[in-house]
Amino acid sequence: MKRLLSIEFQKIWKNKASRVLVLTYFVLLSFIALISSIKFSIGTFEIRIADQGIFNFPYIWHFNTYVAAFFKIFLAIVIVSMMANEYTYGTLKQNLIDGLSKKEFILSKFLVVGTFALASTFFVFVMSLILGYSFSSYNELSIVFSDLEYIFAFFIKLFAFFSFCLFLGILVKRSAFALGFLFVWFVAENIFYWIVKFVILGGNDKTKNFGDTIIQYFPIESMSNLIKEPVTRLNAIKTIENAMGGAQNVKDYSIHFSQISIVLVWTIIFILTSYYILKKRDL
């Protein structure tokens with residue numbers, strides 16, 4: 001297993017574009033800390049973002065994992081390109097000639113996927129811990145380490161998304177087409193949701209709930225549902241809503257086992273289908 005990982009990361013590191021994308025990804029993740037320095041004025045009032053509670057424990061676990069997930073596209077490009085390069089430069093065929101089995105080959109790719117997801121999760125965990133202890137009003141251990149399920153959900157979300165990208169890379173063989181297919185899939189899920197909600201079912205409250213129930217089983221939407229937007233959880237936002245006479249926010253921000261299960265099922269499908277395609281394909 002260690003040998004397989006070593007081979008894969010040598011390939012990635014020797015590719016200049018992949019090396020730049022990986023470094024850029026982790027640099028951008030660290031930029032989340034810069035949010036703490038943002039200030040703006042409204043009349044005579046000066047507002048500092050860090051003072052609005054976004055780095056308070058345990059809220060920080062939700063906020064940072066949600067924001068960090070937006071940068072996953074950088075590693076997605078690396079993963080898709082990693083697979084495309086195997087076909088372009090013939091390294092896949094050479095590895096098989098040198099004695100690597102197709103099972104070992106696909107295992108090595110998913111080990112890379114898992115390593116990227118784990119490294120990203122650890123990075124976000126450490127960064128959140130540092131920012132939390134620097135700015136949080138609550139430092140009791142019972143509070144600090146509550147809501148850690150967001151960190152677990154972040155790992156699952158990344159692993160599933162990267163597995164999907166690797167599957168597309170194996171299926172399509174070309175990185176540009178694979179990324180294009182990923183975008184088309186994302187658009188198609190949303191179009192399907194709106195068709196079900198408004199065209200087929202009429203768009204009332206009951207059909208909206210039915211449409212939401214259906215769409216949660218789709219791969220990209222199921223990954224997105226793992227960590228919901230955290231902004232409306234902030235006390236400052238709730239205060240503004242109440243002052244403006246808006247409806248009370250009753251959104252469920254929790255991470256449920258059923259949501260994780262859906263994503264894990266899709267992940268298993270991506271892994272098995274990737275192996276099946278590679279096994280049956282004439283290289």
Side-chain angles (χ1 to χ4, degrees), residues 32 35 49 52-72 117 120-121 124-125 128-129 131-132 136-138 140 142-161 164 185-186 189-198 200-269:
I32 294 176
I35 296 175
I49 296 296
Q52 304 309 306
I54 65 170
F55 293 143
N56 275 343
F57 288 120
Y59 177 79
I60 190 172
W61 303 119
H62 187 180
F63 179 81
N64 280 5
T65 52
Y66 180 78
V67 174
F70 284 103
F71 300 118
K72 65 183 181 293
S120 301
T121 303
V124 170
F125 172 78
S128 300
L129 211 56
L131 287 172
S136 179
S137 303
Y138 314 102
E140 296 84 356
S142 59
I143 296 177
V144 169
F145 292 107
S146 60
D147 280 4
L148 274 182
E149 60 266 23
Y150 286 103
I151 292 292
F152 176 68
F154 181 68
F155 171 77
I156 297 296
K157 181 175 185 173
L158 290 191
F159 187 73
F161 182 73
F164 187 30
W185 188 289
F186 169 76
E189 282 192 12
N190 284 276
I191 291 175
F192 178 83
Y193 171 71
W194 290 107
I195 289 175
V196 170
K197 179 181 175 181
F198 291 107
I200 299 176
L201 300 176
N204 56 48
D205 290 338
K206 290 183 178 180
T207 58
K208 178 182 182 297
N209 292 333
F210 183 72
D212 291 337
T213 300
I214 293 175
I215 197 67
Q216 70 176 334
Y217 291 102
F218 283 65
I220 294 180
E221 184 64 23
S222 65
M223 297 172 204
S224 178
N225 283 340
L226 279 181
I227 303 175
K228 300 177 180 68
E229 62 81 20
V231 177
T232 49
R233 272 185 76 183
L234 280 171
N235 289 329
I237 301 299
K238 291 179 180 178
T239 301
I240 293 172
E241 286 179 347
N242 292 334
M244 296 178 65
Q248 188 176 4
N249 180 32
V250 291
K251 189 171 184 178
D252 181 12
Y253 302 97
S254 302
I255 296 168
H256 299 284
F257 178 74
S258 59
Q259 296 170 329
I260 292 176
S261 299
I262 294 169
V263 175
L264 288 177
V265 168
W266 276 114
T267 305
I268 293 170
I269 291 172

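Heavy-atom basis, side chains included; hydrogens, waters and symmetry copies ignored. Numbers for residues simply follow the sequence, beginning at 1.
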| query | Roughly how far apart are Ser128 OG and Phe55 CZ, rounded to 0.5 Å? | reply | 8.5 Å
| query | Roughly how far, to the nearest 0.5 Å, is the CG atom of Leu226 from the CZ atom of Phe161? | reply | 13.0 Å
| Heavy-atom closest contact (Glu189 atom, Ile215 atom, distance) | O-CD1, 3.3 Å
| request: List the steps and the verdict of side-chain contact (heavy atoms from CB on, under 4.5 Å) for Lys228 and Tyr66. | output: CA-CA 7 Å; Lys228 300 177 180 68; Tyr66 180 78; over 6 Å; no
| remark: Here the gap from Ser120 atom OG to Lys72 atom NZ, rounded to the nearest 0.5 Å, amounts to 11.0 Å
| remark: OH of Tyr150 to OH of Tyr59, rounded to nearest 0.5 Å, is 9.5 Å
| Is it true that atom CZ of Phe155 has more than 12 heavy atoms of other residues, nucleotides or ligands lying nearer than 6.0 Å? | yes
| task | Among Phe154, Phe152, Phe125, find the one that has a side chain to side chain contact (heavy atoms under 4.5 Å, CB included) with Thr65. | result | Phe154
| request: Would you name the heavy atoms of Ser222 and Ile262 that are closest together and state the gap between them? | output: CB-CG2, 3.6 Å
| Test log, rule side-chain contact (heavy atoms from CB on, under 4.5 Å), inputs Leu129 and Val144 | CA-CA 8 Å; Leu129 211 56; Val144 169; 4.1 Å; yes
| message | Test your reading of the model: is there a side-chain donor-acceptor pair from Glu149 to the backbone of Ile255, 3.5 Å cut-off? | response | no
| said: So which atom in Ser254 and which in Gln259 form the shortest heavy-atom distance, rounded to 0.1 Å? | reply: O-OE1, 3.8 Å
| task | May I ask you to check whether Tyr193 and Phe218 place their ring centers less than 6.0 Å from one another? | result | no
| said: Does atom OH (Tyr217) have a neighbourhood of more than 12 heavy atoms from anything else shown, all under 6.0 Å? | reply: no
| note | Rounded to the nearest 0.5 angstrom, the OH-CD1 distance for Tyr138 and Ile143 is 7.5 Å
| request: Output yes when a side-chain donor or acceptor of Thr267 lies under 3.5 Å from a complementary backbone atom of Val263, and no otherwise. | output: yes
| said: Give me the atom names and distance for the closest heavy-atom approach of Glu229 to Tyr253. | reply: O-CE2, 3.3 Å
| query | Heavy-atom distance under 4.5 Å between the side chains of Met223 and Phe164, does that happen here? | reply | yes
| remark: Heavy-atom nearest pair, Leu158 first then Ala117, reads CB-CB, 3.9 Å
| said: Distance check, rounded to the nearest 0.5 Å: Ile151 atom CD1 versus Phe145 atom CZ? | reply: 10.5 Å
| Counting only N and O atoms by type, is there a donor-acceptor contact under 3.5 Å from the side chain of Ser136 to the main-chain atoms of Phe57? | yes
